[in-house]
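Working notes for the structure below.
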Amino acid sequence: MTKIAPALIVLVGSLGLGGCATKGFVREQIATVNQRIDGLESRLQTTDATAQQAAQAAQAAAGQAQQNGQRIDQLNGRVDTMQQQMTAAQTKRARN
């Protein structure tokens with residue numbers, strides 16, 4: 001038992017110290033993560049620009065649709081007036 005104890009202490013000590021990360025390892029890992037973050041940030045900016053363009057196009061389309069709706073309403077009024085005039089003219093012809 002006395003011969004195993006020093007070997008066991010050395011083994012436990014080496015395992016405990018082996019878990020520490022060096023500054024170089026940490027910098028390497030952080031550099032990798034930073035590269036990924038930079039790539040994602042670039043993609044996010046591109047996506048954001050695309051979304052803004054889509055929003056502007058949607059707003060323009062909504063405005064055009066509203067104008068088209070107003071024009072249709074005006075044309076419906078004209079058609080209704082013409083239809084009433086035609087009905088009145090047909091009624092006059094039927095009486096004569």
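These values consider heavy atoms only, across backbone and side chains, with no hydrogens, waters or symmetry-generated copies.
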Exercise. Can N68 and Q64 be counted as having a side-chain donor-acceptor contact under 3.5 angstrom?
Worked result: yes
Exercise. To the nearest 0.5 Å, how far apart are CZ in R78 and OG1 in T81?
Worked result: 9.5 Å
Atom pairs and distances, side-chain donor-acceptor, residues 33-40, under 3.5 Å, sequence neighbours left out:
{"from": "N34", "atom 1": "ND2", "to": "I30", "atom 2": "O", "distance (Å)": "3.4"}

